[in-house]
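First the structure, in the form of structure tokens, and then the observations on it.
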Amino acid sequence: MQKINTKITRAYRYFFYTLLVLLITTGSSFWLLRRFGMVEGDFGPESHYLQYPALQLHGLCAFLMLMSLGAIFASHVPRTWSTLRARKSGISILVAVSVSALSAYSLYYLVSQDWHTLLGNSHAIVGLVLPLFLWLHIYSASHSIRKKTKEKVIKKSRFKQKVKKEKT
């Protein structure tokens, strides 16, 4: 397996994005089925038959996502932290992921039914906003790299002009 560096490899990015899409799709499906997919059963309203398979897939994707993020946090974050590029957006991703993981844990083990709907909706909102934070992070980091590269080119050009002037 290739190490993740400041620039994450294409194969790992595709794996990560695929996992993110699966995570959002299964989470959204579960949330929509829970909110709007109740069916009439023999003993009253029942959950849709796809609700719990969607939740099971969502849980599997969440575990895989946490492992993926662990690899990124262990390698990408320490290497890029000192560059100051996109630090604020990276922190927002870290906060959103932490809130999402803690709310998921709380939904399973901590909260009562009174708080379940509110926390479930909050978890869904954070999960849907997370790709926006990721996009902002990627955009700000790439914009920062382009700006730095442009400054280096200008600096190099000025240095060459200065050397040329001194020779003449």
Side-chain angles (χ1 to χ4, degrees), residues 1-32 54-110 118-168:
M1 186 173 182
Q2 195 173 17
K3 284 178 99 177
I4 297 171
N5 209 335
T6 52
K7 183 165 176 65
I8 298 172
T9 62
R10 181 178 291 185
Y12 192 83
R13 277 185 282 156
Y14 288 155
F15 170 75
F16 185 82
Y17 296 149
T18 302
L19 198 56
L20 185 63
V21 167
L22 284 172
L23 190 66
I24 291 169
T25 304
T26 55
S28 300
S29 299
F30 173 76
W31 187 83
L32 288 171
L55 183 62
Q56 289 171 329
L57 280 174
H58 185 66
L60 174 66
C61 291
F63 279 116
L64 293 173
M65 180 58 80
L66 286 176
M67 288 192 292
S68 281
L69 287 171
I72 290 172
F73 290 154
S75 182
H76 175 74
V77 173
R79 289 177 190 261
T80 57
W81 189 259
S82 61
T83 64
L84 302 176
R85 281 192 314 244
R87 185 182 281 185
K88 289 178 186 171
S89 59
I91 290 171
S92 69
I93 290 173
L94 178 63
V95 169
V97 167
S98 299
V99 167
S100 186
L102 289 173
S103 63
Y105 180 81
S106 299
L107 283 168
Y108 269 100
Y109 302 112
L110 297 180
L118 178 67
L119 190 59
N121 291 341
S122 302
H123 178 81
I125 289 168
V126 171
L128 290 173
V129 171
L130 191 57
L132 178 65
F133 288 162
L134 180 64
W135 180 81
L136 286 172
H137 180 68
I138 292 168
Y139 176 78
S140 65
S142 64
H143 181 73
S144 173
I145 289 170
R146 270 187 261 133
K147 186 177 174 185
K148 194 173 183 178
T149 304
K150 191 175 179 181
E151 287 173 1
K152 276 185 181 178
V153 168
I154 290 171
K155 207 175 195 178
K156 198 173 183 178
S157 166
R158 286 182 183 159
F159 179 74
K160 281 182 180 178
Q161 286 176 351
K162 188 177 176 183
V163 169
K164 208 175 191 179
K165 264 187 177 178
E166 288 176 1
K167 283 184 179 178
T168 57

Got a list of side-chain donor-acceptor pairs under 3.5 Å for residues 98-106, not counting sequence neighbours?
from, atom 1, to, atom 2, distance (Å)
Ser98, OG, Leu94, O, 2.8
Ser103, OG, Val99, O, 2.9
Ser103, OG, Ser100, O, 3.0
Ser103, OG, His123, ND1, 2.7
Ser106, OG, Leu102, O, 2.8

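- The line from NE2 of His143 to OH of Tyr139 is 5.5 Å long, rounded to the nearest 0.5 Å.
- The structure places CG of Leu57 at 9.5 Å from OG of Ser29, a figure rounded to the nearest 0.5 Å.
- Counting heavy atoms from C-beta outward, Leu23 and Leu19 have side chains that stay 4.5 Å or more apart.
- Taking 4.5 Å as the limit, some side-chain heavy atom of Phe15 sits within range of a side-chain heavy atom of Ser68.
- For the atom pair CD1 of Ile125 and CG of Leu130, the computed distance is 13.5 Å after rounding to the nearest 0.5 Å.
- Of all the heavy atoms in Trp31 and Ala124, the pair that sits closest is CD1-CB, 3.9 Å.
- Minimum interatomic distance between Pro131 and Ile24 (heavy atoms only, all atoms of both residues): CG-CD1, 3.0 Å.
- For the pair His58 (side chain) and Thr26 (backbone), a donor-acceptor distance under 3.5 Å is absent.
- Within the 4.5 Å cutoff, side-chain heavy atoms of Phe16 are placed close to those of Leu69.
- For the atom pair Leu66 CG and Cys61 SG, the distance stands at 11.5 Å (nearest 0.5 Å).
- Here the CZ-CZ distance, from Arg10 to Arg13, works out to 6.5 Å after rounding to the nearest 0.5 Å.
- Interatomic distance, Phe159 CZ to Lys164 NZ, rounded to the nearest 0.5 Å: 14.0 Å.
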